[in-house]
Amino acid sequence: MIFSPILKLGYLKQYLKQPFVLTCTKICPPISTTKPVCPGSSGKPPSSTPSLGLKRAVKPGKVRMGFIPDEWFLFFYSKTGVTGPYVFGLVLTNYLFSKEIYVMEHEYYVGLSIFTMLYYASTRLGPGLGRSLDKSIDEHVETLEKARRDEACVYENAIKDAKDAQWRAEGQKLLMDAKKENIAMQLEAIYRERFMQVFHAVKGRLDYQVKLQRSMNRIHQKWMINWILQNVKKSITPDFEKAVLNKAIQDIAAISSKT
Amino acid sequence: MMNNLFSIFDPSTNIFNLPLNWISTFIGLMFIPYSFWFIPNRHFMLWNFISNKLHNEFKTLLGPNSTSGSTFIFISLFFFIFFNNFLGLFPYIFTSTSHLNISLSLSLTLWLSFMLYGWINNTQHMFIHMIPQGTPMVLMPFMVLIETISNIIRPGTLAVRLTANMIAGHLLITLLSSTGINMPNYLLIILIFIQILLLILESAVSIIQAYVITILSTLYSSETN
């Protein structure tokens with residue numbers, strides 16, 4: 001019952017969100033529309049990513065004497081030169097101590113011991129600790145980078161496989177053409193074979209006719225000769241035979257008398 | 001300037017009688033690392049390293065039946081107490097854990113919440129816990145009495161252990177360094193050397209006390225289940 005008026009005010013939050021959204025868009029960078037370059041292929045980071053102008057500092061800011069920023073010294077350089085800030089520090093400390101504005105009481109001596117301890121800890125133990133921490137940071141970064149590289153590698157392999165598949169698909173076209181040619185050749189061969197069959201069949205029939213004709217001619221000739229010879233033999237009378245024989249003898253005698 | 005030896009434990013920095021000393025309780029918050037960048041920096045890695053070590057320790061103690069994430073409260077407690085203890089060693093920083101109102105608020109709240117949870121939800125288990133296995137029947141009434149008393153003084157012991165250690169350590173350092181005011185310069189080196197040893201001890205004590213109070217709170221919480 002205490003919270004119900006507060007809860008009822010919750011619906012007003014949607015109106016409160018408006019200015020926050022407006023302020024947020026001023027700070028948020030615009031969405032990048034360019035495709036990032038695959039890091040595995042070129043090794044260069046994508047240069048088209050917009051940034052807020054913030055860069056992660058790899059090293060901490062430069063300091064002098066362990067804790068005073070370098071910029072403070074440079075700020076006074078034009079007026080006081082190199083020794084200016086040191087002299088200022090010395091004089092200020094001297095003033096504070098001598099005028100007893102800063103009293104050297106028990107906390108001061110504790111401070112001295114603490115300062116000595118911190119100095120030795122940071123110079124002796126500091127670098128070793130820093131190195132081991134850097135190593136663990138590098139391991140962490142390496143894990144992240146490895147994940148990124150592996151994923152990029154997976155995608156690169158996928159691209160390669162897709163290109164391979166495209167090449168193979170084109171090769172399939174050649175294969176299909178070759179198959180078509182093969183089939184055409186087979187069809188041609190079968191056509192020629194059948195043509196030859198037809199040729200032989202037709203030739204066979206014509207040959208038969210020719211043979212038939214020849215044999216008919218031969219039989220006619222033989223019968224004709226036989227018939228002629230029979231008729232001639234029938235027509236030869238004995239008188240005719242005697243006359244011819246006598247003629248033949250006379251011719252022989254004439255020839256033999258000439259020689 | 002000290003009126004008496006214990007005036008370092010007096011919250012005396014004030015604006016219009018509002019004591020500002022207690023703001024030192026929150027200095028520990030400034031040491032929590034930022035994770036603005038995705039890649040961690042050294043500070044973050046160190047913090048993570050310590051947190052993970054503590055988490056593994058407490059996880060074992062809380063047992064396999066504990067809810068995941070129940071170690072967080074104890075890790076936060078550890079860091080809070082450690083920073084308050086350790087930063088109190090530095091000059092001009094007030095040690096807030098040297099006051100019972102801080103230590104008791106921590107230990108009493110934790111203990112009472114664990115006990116009430118245990119007594120209301122697992123009453124029988126809490127009563128069984130008081131008597132170890134294998135006690136002879138004759139001793140049982142006395143065991144119950146002793147265990148009850150030891151249970152009830154637990155918040156007191158947690159708080160007072162921390163406070164007493166802090167007061168003792170800081171008092172010793174203050175005592176030693178207050179002799180440095182009237183000391184000739186050639187003896188100052190010995191004083192600084194002794195103070196360094198004492199400060200090393202006190203740094204160790206600050207870590208150990210924070211660890212002890214956290215471990216005991218973990219144990220008390222694991223007892224209720």
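The chains referred to below are lettered A, B, ... by the order of the sequence lines, with proteins before strands, and numbering in each begins at 1. These numbers come from the heavy atoms of this one structure, side chains and all, not from hydrogens, waters or symmetry mates.
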message: Need one label for B/Phe36: side chain, backbone, both or neither, based on atoms under 4.5 Å from any heavy atom in chain A.
response: side chain
- request: Could you check which of B/Ile181, B/Thr179, B/Leu188 has the highest count of heavy-atom pairs closer than 4.5 Å to chain A?
  value: B/Ile181
query: Of B/Asn85, B/Asn84, B/Asn165, which meets side chain to side chain donor-acceptor pair (under 3.5 Å) against B/Thr97?
result: B/Asn85
Side-chain donor-acceptor pair present, B/His55, B/Thr71, cut-off under 3.5 Å: yes
query: For B/Phe82, which of B/Phe79, B/Phe86, B/Phe80 qualifies under ring pair (Phe, Tyr, Trp, His ring centres under 6.0 Å)?
result: B/Phe86
query: Between A/Val103, A/Leu112, A/Thr116, A/Asp134, which has the largest tally of heavy atom pairs under 4.5 Å with chain B?
result: A/Asp134
task: Side chain from CB out, backbone as N, CA, C, O: work out which of these in B/Asn48 comes under 4.5 Å of a heavy atom of chain A, or both, or neither.
output: neither
query: For A/Phe73 and A/Tyr86, what are the C-alpha separation, side-chain angles and deciding distance, and is it a ring-ring contact (aromatic ring centres under 6.0 Å, His included)?
result: CA-CA 9 Å; A/Phe73 290 82; A/Tyr86 297 106; 5.1 Å; yes
message: Less than 4.5 Å to any heavy atom of chain B: does that hold for the side chain of A/Val141, its backbone, both, or neither?
response: side chain
query: Do B/Leu172 and B/Leu176 come within less than 4.5 Å of each other through their side chains, counting heavy atoms only?
result: no
